[in-house]
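Heads up, the thing below is written out as structure tokens.
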2 protein chains.
Amino acid sequence: MSKLKPAPTLDDVARKAGVSTATVSRCLNTPDRVVEATRKRVQSAIEALGYTPNFAARVMAAKRTFTIGAIIPTMENAIFARGLQAFQEELHQHGYTLLVSSSAYKPATEEEQIRTLVARGADGLLLIGHDRAPHIYEFLQRRDIPALVAWSFSPDGRLPSIGFDNRAAMYELAQRVFDLGHRRLAVISGITHGNDRARLRLDGVRDAVRQRGLDPQGLQVIETPYEIENGADAFARLMSQDTPPTAVMCGNDVLAAGALLRAQDMGLKVPQDVSITGFDDIELARILRPALTTVHVPHREMGGKAAKALIEMVEKRAPAAGEHLFTHIVERQSLGPANSA
Amino acid sequence: MSKLKPAPTLDDVARKAGVSTATVSRCLNTPDRVVEATRKRVQSAIEALGYTPNFAARVMAAKRTFTIGAIIPTMENAIFARGLQAFQEELHQHGYTLLVSSSAYKPATEEEQIRTLVARGADGLLLIGHDRAPHIYEFLQRRDIPALVAWSFSPDGRLPSIGFDNRAAMYELAQRVFDLGHRRLAVISGITHGNDRARLRLDGVRDAVRQRGLDPQGLQVIETPYEIENGADAFARLMSQDTPPTAVMCGNDVLAAGALLRAQDMGLKVPQDVSITGFDDIELARILRPALTTVHVPHREMGGKAAKALIEMVEKRAPAAGEHLFTHIVERQSLGPANSA
DNA sequence: TTGTAAGCGTTATCAA
DNA sequence: TTGATAACGCTTACAA
């Protein structure tokens with residue numbers, strides 16, 4: 001049996017430096033309340049012992065963790081990674097640590113993760129989108145945990161949000177599609193259940209359809225999880241009909257990439273034979289040929305601002321004002337005029 | 001001012017159920033040591049109060065966090081996401097929680113993350129690759145923190161590892177390239193500094209070059225961070241020379257995707273004009289046209305086994321035996337015979 | 001099967 | 001400026 005090597009404690013440091021534990025604690029947390037000489041002595045004791053504060057003990061005593069939790073739908077899609085990166089950088093600047101977990105787009109999993117993070121003492125929570133069971137909001141409220149929603153702005157959500165208007169963004173893109181003469185549109189959407197971003201994007205298309213005096217019932221929609229292959233398969237299904245659409249609007253760039261690549265396989269020229277649009281403007285959108293016409297989302301800006309707002313909520317214990325960020329259409333080559341045939 | 005609502009404690013539950021705190025604790029941790037009737041009473045008290053155990057307090061008392069930390073190079077690349085998903089699922093099954101952070105491929109950041117995770121009481125650590133400063137290994141050893149390396153198997157690393165032989169895998173693929181008649185190879189590699197996976201893959205190609213009696217000095221290599229666009233740019237540089245390579249081997253699929261897409265832009269037919277290979281076999285590899293010939297890595301198997309091994313290390317306090325996983329070449333269309341021209 | 005009570009390593013209040 | 005000391009909420013011998 002190897003001997004156990006318990007980590008050195010505040011007490012060890014205090015003894016070695018010939019001071020009380022309170023003084024050591026002060027050296028760590030409010031160094032300006034300790035005289036130079038003492039501080040130095042403590043400092044070297046800390047280094048000699050290789051002391052690191054025990055996180056759990058600190059949390060218990062201070063009732064603060066300096067930890068922010070974030071629950072994202074998936075780690076497998078770069079969309080969230082980028083925004084979260086900015087989020088975490090900003091947190092780090094303010095001395096906070098980020099705890100991430102992913103819900104795999106499952107509401108039940110998300111709820112479990114929320115409880116876990118709260119039990120672990122997260123000082124605040126970042127959530128994606130507004131769609132979740134009311135009792136979760138009540139739980140958060142009862143526990144008095146500051147929480148903020150990102151990726152979807154809504155002035156009247158239960159929680160303040162920093163994000164963009166998914167519906168308006170997609171509406172604008174659909175208008176552009178109509179302007180180019182398209183009339184037979186189809187949508188490859190993400191799963192809308194429990195996902196307001198997906199639902200609102202779809203609603204945006206429907207708004208435009210109605211606005212043009214067309215029948216929203218006539219709009220073909222395939223819902224499928226956000227994976228390249230699913231986009232490809234949905235596209236194939238759409239295009240193998242008697243009167244295929246002239247434009248396929250996709251719920252995000254991943255789905256659109258699948259559609260685009262499958263179009264190649266099917267010998268369809270984009271945008272001559274069919275137009276394809278995406279959403280998010282990830283790296284892939286720029287590199288595909290034809291490059292993807294899509295909606296640019298300010299992921300990094302969103303992450304950074306979300307961090308600032310959440311820290312504000314945590315430290316001031318005040319509800320944050322939400323913030324409406326703007327998206328814009330990036331016109332590239334995958335969207336063209338409708339084939340007049 | 002709103003009234004503070006402190007979270008209910010074990011004590012609250014005990015009082016409400018008319019038992020001692022010890023009994024409530026047992027209901028939570030060793031339910032079989034409590035009689036049915038009592039357990040039920042406690043259970044409903046817990047529900048009525050909406051009690052959740054305080055993590056920090058539990059950690060302090062039990063000296064276990066049931067938390068495993070993992071530090072990966074990046075969240076922005078799906079390669080790690082998939083393996084980590086399996087890792088986390090397996091951990092979850094055993095009641096452990098995963099704490100992930102990313103180092104952005106920076107050794108200094110990785111070290112900081114390791115210290116943070118240890119301070120937070122991680123029961124064990126998953127690290128990617130073997131390349132790191134010796135004092136980090138010493139720190140881990142002093143603190144007696146079980147740690148395991150994944151994504152790179154090496155029988156004589158400082159830490160046990162579960163992964164594959166990056167060098168042998170790439171060697172095998174290079175041999176296949178040579179078998180197809182290629183003689184002018186080039187490599188688009190990831191940055192090798194501090195990244196043994198990247199370095200070993202490159203070494204694998206060099207081994208094959210030497211084995212064929214060719215001069216390894218003659219092998220053209222571009223090192224660049226793993227991003228689609230970097231792959232594209234490196235490819236363009238490679239192909240705009242007087243005597244361009246007939247085959248470009250890429251350090252991973254992301255780089256290869258960039259190369260492939262740029263080839264299209266340049267009007268080069270793959271594999272007729274130039275062959276391209278990848279590494280990892282991510283989703284994108286299958287969907288690209290031509291589909292990518294690459295090395296399949298058992299990410300999910302690796303994640304699952306790493307979790308099992310690490311839990312074993314944590315619970316038995318015994319060093320785990322590493323495990324050598326196997327990769328295999330997936331032949332698709334991006335690699336063809338050398339153009340005899 | 002259940003209860004009592006002693007820690008666990010900090011922070012923070014109050015005195016000195 | 002520093003030192004005692006009481007929390008913090010839980011687990012776990014040990015006792016009953």
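Per chain, numbering begins at 1; letters A, B, ... match sequence-line order.
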Looking at B/Phe139, does the NZ or CZ of B/Arg143 lie under 6.0 angstrom from its six-membered ring centre and within 45 degrees of the ring axis?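 Checked: cation-pi criterion not met.
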
Base, sugar-phosphate, or nothing: which does [X] touch, judged by heavy atoms less than 4.0 Å apart?
X	value
B/Phe55	nothing
A/Val34	sugar-phosphate
A/Val59	nothing
A/Ala22	base

Closest nucleotide among [options] to the [X] side chain:
X	options	result
B/Leu10	D/dT11, C/dT11, D/dG3	D/dT11
A/Ala61	D/dT11, C/dG3, D/dC8	D/dC8
A/Arg26	C/dG3, D/dG3, C/dG9	D/dG3

OP1 or OP2 of [N] under 4.0 Å from side-chain N/O of [X]:
X	N	value
A/Thr38	D/dT2	yes
B/Thr23	C/dT2	no
B/Thr9	D/dG9	no
B/Thr21	D/dC10	no
B/Arg33	C/dT1	no
B/Lys63	C/dG7	no
A/Asn54	C/dC8	no

Could you tell me whether a side-chain N or O of B/Ser44 sits under 3.5 Å from a main-chain N or O of B/Lys40, the two making a donor and an acceptor?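 Checking the backbone N and O of B/Lys40 against the side chain of B/Ser44, a donor-acceptor pair under 3.5 Å is found.
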
Look only at the side chain of A/Thr65 and the backbone of A/Thr67, and say whether a donor-acceptor pair between them is shorter than 3.5 Å.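 Yes, because the side chain of A/Thr65 sits within donor-acceptor range (under 3.5 Å) of the backbone of A/Thr67.
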
Take atom CZ of A/Arg64 and atom C1' of C/dT11, then tell me their distance rounded to the nearest Å.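 A/Arg64 atom CZ is separated from C/dT11 atom C1' by 13 Å.
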
To the closest 0.5 Å, what do you measure between CH2 (B/Trp151) and CG (B/Asp196)?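 CG of B/Asp196 is found 13.0 Å from CH2 of B/Trp151.
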
